[in-house]
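Every number for a ligand or one of its atoms is a count from 1 in the order of the listing.
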Amino acid sequence: MNELSGLGAIWLVGCGNMAGAMLRRWLEAGLPPEPVTVIRPSGVAPAPGVRTLTAMPQGETPPRVLMLGVKPQKLGDVADAVANVVGPDTLLISILAGTELATLKQRFSKARAVVRAMPNTPVAMGRGVVALHGDAGARRGDVETLMRPLGLVEWIADEAQFGLATALAGSGPAFLFRFIDAMASAGAALGLPAQQALRLAVATVDGAAGLAAGSDETPATLADRVASSGGMTRKGLDVLDEGRALETLLVHTLEAAERRGREMAAETR
Ligand SMILES: NC(=O)C1=CN([C@@H]2O[C@H](COP(=O)(O)OP(=O)(O)OC[C@H]3O[C@@H](n4cnc5c(N)ncnc54)[C@H](OP(=O)(O)O)[C@@H]3O)[C@@H](O)[C@H]2O)C=CC1
Ligand SMILES: O=C(O)[C@@H]1CCC=N1
């Protein structure tokens, strides 16, 4: 039996871009649709066989797992209804950016365990990242069973670092998509046909990421292997490295995202 099928009833409150990507991967990885209930205002079924409701079911046994997948700004709208259906056996997982564990525990005090999870969209292919924070206690195994098919799973012990992990891995795909666009635009600006430049950029980032992920060598060493002595690549690397230009840009990028996470924590407290 697939280990996902032993988790019991799973309710997803909100199933948009992110929770929808997680659900697609879970179903692909062997989660049967029958124990899954999705609650979303549109009532659009995310997949065949998944029970989809426009409001929280009433009078049912509390779910074993309830995942909050609404926007942080909607937490106040759903919190009372969620608190009413959470039971002492419920593992509550929140993917809300910013919203702190203490806020969740205070709102959902009946839950057996409360865990923050921060996925990214490549989980849809099983090649994402899920950062986790919380004390899942006896339900830690269930959390890991659920998250493992999505990609790399990392517990973040100190919640103060969760915003940074969110900026790096949760938001990270967006930053990399910009990088791909920037490489393609640069190639096009210098004379390549735009569509061809985009194809070259996408395939290069895909291949390089795969190489970095599968190699025992550091990205710095892999870069050195590309940069033949006296060759072209070194001249390009010199531009990125001058005054730590790329690194400085990314520090500012992560700082800005992390700062917004702290604001969102305050807004949902
Ligand atoms: N997008 C990303 O890459 C990541 C997002 N997150 C987090 O995921 C969460 C959702 O983001 P995202 O998926 O992008 O947003 P979406 O707007 O795509 O999804 C929001 C979902 O919430 C549902 N919803 C809205 N109001 C209610 C309500 N009252 N009751 C139940 N469901 C409701 C919507 O329903 P309907 O579909 O019917 O309109 C929709 O399914 C956020 O908290 C975000 O911080 C975390 C990591 C990465
Ligand atoms: O932009 C956001 O707030 C969320 C967090 C990580 C990705 N999306």
Task: For Ala97, the ligand 1 atoms whose distance to one of its heavy atoms is below 4.0 Å - done: 43 (O), 45 (O)

Open item on the list: My understanding is that we take every heavy atom of each candidate and find the minimum distance to atom 9 (C) of ligand 1. Doing that for Val70, Val13, Val123, which one comes out nearest?
Closed with: Val70

Task: Residue pairs passing the side chain to side chain donor-acceptor pair (under 3.5 Å) test where at least one lies in residues 229-243, sequence neighbours excluded - done: Asp224-Arg234

Task: Heteroatom distance test (Gly43, ligand 1): nitrogen or oxygen, under 3.5 angstrom - done: no

TODO: Just jot down the side chain to side chain contact (heavy atoms under 4.5 Å, CB included) partners of Arg24, sequence neighbours excluded, or say none.
DONE: Ala21, Ala124

Open item on the list: Taking 4.0 angstrom as the limit and counting only heavy atoms of Thr121, give me the atoms of ligand 1 inside it, by number and element.
Closed with: 3 (O)

- [ ] Give a yes or no on whether a salt bridge exists between Glu267 and Arg262, defined as a side-chain N under 4.0 angstrom from a carboxylate O.
- [x] no

TODO: Compute the shortest N/O to N/O distance between Asp77 and ligand 1 and return yes if it is under 3.5 Å, no if not.
DONE: no

TODO: Out of Ser42, Ala21, Gly14, Gly69, indicate the one that has the non-hydrogen atom closest to atom 20 (C) of ligand 1.
DONE: Gly69

- [ ] Could you list the atoms of ligand 1 found under 4.0 angstrom from a heavy atom of Pro119?
- [x] 47 (C), 48 (C)

Task: Donor-acceptor pair between Arg51 and Thr37 side chains, under 3.5 angstrom - done: yes

Under 3.5 Å donor-acceptor pairs involving side-chain atoms of residues 186-210, not counting sequence neighbours:
from   : atom 1 : to     : atom 2 : distance (Å)
Thr204 : OG1    : Leu200 : O      : 2.6

Open item on the list: Can you give me the closest heavy-atom contact between Leu132 and Ala117, atom names plus distance?
Closed with: CD2-CB, 3.6 Å

Task: For Ile39, atoms of ligand 1 separated by under 4.0 Å from a heavy atom - done: 31 (C), 32 (N)

TODO: Could you check which of Pro41, Gly76, Ser94 puts a non-hydrogen atom nearest to atom 24 (N) of ligand 1?
DONE: Pro41

TODO: Collect the protein residues that have a non-hydrogen atom under 4.0 Å from ligand 2 and hand them over in chain and number order.
DONE: Ala97, Thr166, Gly170, Ser171

Task: Atoms of ligand 1, numbered as shown, that sit under 4.0 Å from any heavy atom of Met118 - done: 46 (C), 47 (C)

TODO: Show which atoms of ligand 1 fall inside a sub-4.0 Å distance from at least one heavy-atom site of Lys74.
DONE: 26 (N)

- [ ] Could you see which bit of Val78 sits under 4.0 Å from ligand 1, with heavy atoms only: side chain, backbone, both or neither?
- [x] side chain

Open item on the list: Regarding ligand 1, does Gly16 bring an N or O atom to under 3.5 Å of one of the ligand's N or O atoms?
Closed with: yes

